[in-house]
Amino acid sequence: MRKPFVAGNWKMHGSKAMVISLASDLQAGLGSIKGVDVAVCPPAAYIDLVKTALGEGFVQLGAQNIANEPGQGAFTGEVSVDMVKDLGCRYVIVGHSERRTLFGETDLDVARKTALVLDAGLTPILCVGETLAQREAEETEAVVAAQIRAVLNQVGVVAFENVVVAYEPVWAIGTGKTASPEQAQAVHAFIRGLVAEQDEAIAARLIIQYGGSVKPDNAAVLFSQPDIDGGLIGGASLNAVDFLAICNAAGDACSE
Ligand code: 13P
């Protein structure tokens with residue numbers, strides 16, 4: 001039985017006042033939520049502030065990205081995995097489609113970052129997903145397979161014991177256009193199958209989140225799919241009421 005995992009990706013949103021208020025509202029509201037792991041991924045500049053505002057609750061922290069280099073060094077503007085670990089992060093999002101498309105990250109870059117996160121003892125949230133053009137050209141499985149296999153080749157299947165995958169169809173991100181539960185389930189099952197080719201037990205335990213316009217009104221039906229184990233939430237994670245409702249939906253789906 002996999003415990004669902006919901007993470008909020010705040011992207012480049014917020015201010016000191018806004019993140020303190022959002023974290024405090026989450027802290028207050030999450031007490032009653034059961035059967036789900038929850039994390040928030042604030043902008044790096046606010047991780048420390050959010051940690052203080054969240055206090056000692058069960059909400060974990062994640063970073064949205066890390067430098068493609070280990071250790072320290074002359075990499076102006078970059079934030080290392082050791083730094084986000086030092087700030088208290090347990091998770092790091094790697095390979096978000098915005099990093100891939102806007103910042104040119106390749107499958108190999110993403111694989112390398114995944115290895116850096118694992119080496120630091122943190123859990124990568126590995127994002128994969130196809131663009132609309134790729135879906136229309138019936139390339140979804142080929143694209144997702146290449147993205148997953150690049151990481152499997154780099155870190156090995158055993159490391160997937162400590163990897164979370166997030167399937168985020170690019171055409172569903174920030175567009176209000178969610179993949180149907182059937183479309184999402186099909187790709188989730190495909191991803192689990194890719195890992196199962198190498199290790200069935202690890203594949204059976206692998207948490208695969210869905211991301212892309214998850215809202216309180218569509219979360220329950222998505223999370224009730226057999227291979228969807230929670231979500232990676234963008235826009236709706238900036239609103240405490242909505243995010244709490246989505247976390248609740250994941251907890252309920254688990255206990256069904
Ligand atoms: P939205 O929920 O805003 O579509 O964003 C999804 C996402 O990119 C999470 O990483």
Side-chain angles (χ1 to χ4, degrees), residues 4-14 18-19 22 26 36-44 46-47 50 59-66 84 89-103 105 110 113-114 117 122-132 134-135 140 143-144 147-148 151 163-181 183-184 187-188 191 207-223 225 228-250:
F5 174 39
V6 175
N9 175 7
W10 294 359
K11 307 193 179 181
M12 197 174 75
H13 292 288
M18 180 276 203
V19 300
L22 178 54
L26 293 178
V36 53
D37 289 326
V38 179
V40 292
C41 306
Y46 295 135
I47 290 171
V50 172
V59 184
Q60 299 286 333
L61 277 168
Q64 298 174 17
N65 181 38
I66 49 152
V84 301
C89 287
R90 172 161 169 205
Y91 298 96
V92 179
I93 298 172
V94 289
H96 192 280
S97 66
E98 287 148 19
R99 301 293 321 167
R100 293 177 189 264
T101 56
L102 303 175
F103 300 95
E105 290 190 13
V110 175
K113 288 189 181 190
T114 306
V117 175
L122 304 187
T123 301
I125 300 175
L126 166 64
C127 299
V128 297
E130 79 290 358
T131 62
L132 185 58
Q134 289 164 335
R135 173 162 283 264
T140 299
V143 169
V144 169
Q147 291 170 334
I148 295 281
V151 179
V163 170
V164 170
V165 172
Y167 169 58
E168 299 205 308
V170 180
W171 48 272
I173 295 177
T175 57
K177 230 174 148 184
T178 322
S180 71
Q183 282 174 320
V187 182
H188 281 236
I191 292 169
I207 298 289
I208 309 178
Q209 299 175 315
Y210 169 78
S213 299
V214 179
K215 308 287 177 207
D217 61 1
N218 60 23
V221 62
L222 285 161
F223 297 162
Q225 297 297 310
I228 300 185
D229 310 312
L232 183 56
I233 318 300
S237 71
L238 297 169
N239 176 303
V241 172
D242 286 355
F243 188 64
L244 290 166
I246 292 168
C247 293
N248 255 319

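Numbering of ligands and ligand atoms starts at 1, following listing order. Since this is a predicted model, take the numbers as computed values, not measurements. Values below: every heavy atom of this structure, side chains too, minus hydrogens, waters and symmetry copies.
For ligand 1, the polar-atom distance check finds an N/O of His96 within less than 3.5 Å of one of the ligand's N/O atoms. Polar contact with ligand 1: absent for Lys215 (N/O pair, distance under 3.5 Å). Polar contact check, Glu98 against ligand 1: no nitrogen or oxygen pair lies under 3.5 Å apart. Between Ile233 and ligand 1, no N or O atom pair is found at a separation short of 3.5 Å. Between Ile173 and ligand 1, not a single N/O pair is under 3.5 Å apart. At least one N or O atom of Gly234, backbone or side chain, sits closer than 3.5 Å to an N or O atom of ligand 1.
Residue contacts with ligand 1, taken as heavy atom pairs separated by less than 4.0 Å, do not involve Cys127 at all.
Partner of Leu126 under the side chain to side chain contact (heavy atoms under 4.5 Å, CB included) criterion, chosen from Thr114, Val164, Ile191: Thr114.
Qualifying ring pair (Phe, Tyr, Trp, His ring centres under 6.0 Å) partners for Tyr210, counting only residues two or more places apart in sequence or in other chains: none.
Looking at Glu105 and Arg100, no side-chain N of the basic residue comes within less than 4.0 Å of a carboxylate O on the acidic one, giving no salt bridge.
His96 and Gln64 share no donor-acceptor pair across their side chains, judged by distance under 3.5 Å alone.
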Exercise. Where do Arg135 and Glu130 land on the salt bridge (Lys or Arg N to Asp or Glu O under 4.0 Å) test, with the steps shown first?
Worked result: CA-CA 6 Å; Arg135 173 162 283 264; Glu130 79 290 358; 2.8 Å; yes

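Listed by atom number, the atoms of ligand 1 under 4.0 Å from Gly212 heavy atoms are 4 (O), 6 (C).
Not a single heavy atom of Ala236 sits closer than 4.0 Å to an atom of ligand 1.
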